[in-house]
Amino acid sequence: QVQVVESGGGSVQAGGSLRLSCTASGLSFDDYAMHWFRQVPGKEREGISCIEWQSGVTYYADAVKGRFTISRDNAKNTLYLQMSDLKPEDTAMYYCAALRNDYCSPRYYAMDYWGKGTLVTISS
């Protein structure tokens, strides 16, 4: 069975940093484009970053560009999101998602597998 599990969320003050992790099991890690989404109540789930395993190409939403960095450790089947200079508007539930494709997608409904999410809370 496929499992996708996020960790690393927490509560920090504005300007601080967090590193989120996502471990995937039960799938061939290199066959999937891996994504981070986030969602707050009343808003659509927002794609914030992804990495294409085949090409290594990465993408970032404008709201996080220059502050967040996506990376992966294939040996550990683990995806990371390093978040720096955090802002109150970054407060959200953060989700890891896997898409069986060579390419990233901005569409949350296209994802094949989801984690349950990890909560990030940024105070001013």
Side-chain angles (χ1 to χ4, degrees):
Q1 292 183 355
V2 173
Q3 283 190 289
V4 179
V5 181
E6 306 97 333
S7 63
S11 181
V12 298
Q13 292 194 335
S17 298
L18 283 172
R19 188 177 76 158
L20 305 184
S21 298
C22 169
T23 58
S25 61
L27 55 79
S28 181
F29 203 49
D30 289 349
D31 289 340
Y32 290 80
M34 299 298 296
H35 298 67
W36 289 101
F37 289 80
R38 67 186 183 187
Q39 189 170 28
V40 298
K43 300 289 186 179
E44 290 187 355
R45 193 163 295 190
E46 175 190 15
I48 58 171
S49 189
C50 65
I51 182 166
E52 298 176 348
W53 266 203
Q54 292 289 337
S55 66
V57 171
T58 59
Y59 296 89
Y60 298 92
D62 288 343
V64 307
K65 194 172 297 181
R67 299 187 297 119
F68 292 11
T69 302
I70 191 170
S71 62
R72 48 115 172 97
D73 186 335
N74 288 340
K76 296 180 179 180
N77 274 24
T78 300
L79 178 76
Y80 301 100
L81 186 68
Q82 178 66 50
M83 306 186 295
S84 299
D85 191 24
L86 285 161
K87 305 176 184 297
E89 52 263 42
D90 294 318
T91 295
M93 186 73 73
Y94 283 71
Y95 298 91
C96 176
L99 174 66
R100 193 174 185 182
N101 203 298
D102 288 340
Y103 308 106
C104 292
S105 174
R107 297 179 289 274
Y108 67 86
Y109 51 82
M111 302 296 110
D112 292 301
Y113 301 104
W114 288 94
K116 290 183 170 62
T118 186
L119 182 63
V120 172
T121 303
I122 313 302
S123 59
S124 60

From [atom1] ([X]) to [atom2] ([Y]), nearest 0.5 Å:
X	Y	atom1	atom2	result
M111	S105	CE	OG	4.5 Å
I48	M83	CD1	CE	7.5 Å
N77	Q3	CG	CD	12.5 Å
C22	R72	SG	CZ	14.0 Å

Are [X] and [Y] side-chain neighbours, meaning at least one heavy-atom pair lies under 4.5 Å?
X	Y	answer
L86	L18	yes
R45	Y95	yes
R19	L81	no
D102	D31	no
C104	H35	yes
K87	S124	no
W36	I70	yes
N74	W53	yes

Among the clusters formed by ILVMFWY side chains lying less than 4.5 Å apart, do [X] and [Y] turn up in the same one?
X	Y	value
W114	F29	no
I51	Y80	no
V2	Y32	yes
Y59	V64	no

(request) Could you please spell out the steps behind the side chain to side chain contact (heavy atoms under 4.5 Å, CB included) verdict for S17 and Q82? (result) CA-CA 8 Å; S17 298; Q82 178 66 50; 4.1 Å; yes
Donor-acceptor under 3.5 Å ([X] side chain, [Y] main chain):
X	Y	value
S49	Y60	no
T91	T121	no
Q39	E44	no

Which pair of non-hydrogen atoms, one from [X] and one from [Y], has the smallest distance, and what is that distance?
X	Y	result
M93	G117	SD-C, 3.8 Å
A63	E46	CB-OE2, 4.5 Å
A92	L119	O-CD1, 3.6 Å
V120	G9	CG2-CA, 4.2 Å
A61	G47	CB-O, 3.6 Å

(request) On the 0 to 90° scale, with breaks at 30° and 60°, tag the F37-Y108 ring pair as parallel, tilted or perpendicular. (result)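 The arrangement is perpendicular - the two ring planes meet at more than 60°.
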(message) Tell me whether the rings of F68 and Y94 are parallel (<30°), tilted (30 to 60°) or perpendicular (>60°).
(response)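 Tilted, since the angle between the ring planes falls between 30° and 60°.
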(request) Please report the C-alpha distance between S21 and L79 in whole Å, then the side-chain angles of each, then the deciding distance to 0.1 Å, and finally whether the side chain to side chain contact (heavy atoms under 4.5 Å, CB included) criterion is met. (result) CA-CA 6 Å; S21 298; L79 178 76; over 6 Å; no
(request) With R67 as reference, evaluate D85, D62, D90 under the salt bridge (charged side-chain N to carboxylate O under 4.0 Å, His left out) test and give the passing residue. (result)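 Between R67 and the candidates, salt bridge (charged side-chain N to carboxylate O under 4.0 Å, His left out) is satisfied uniquely by D90.
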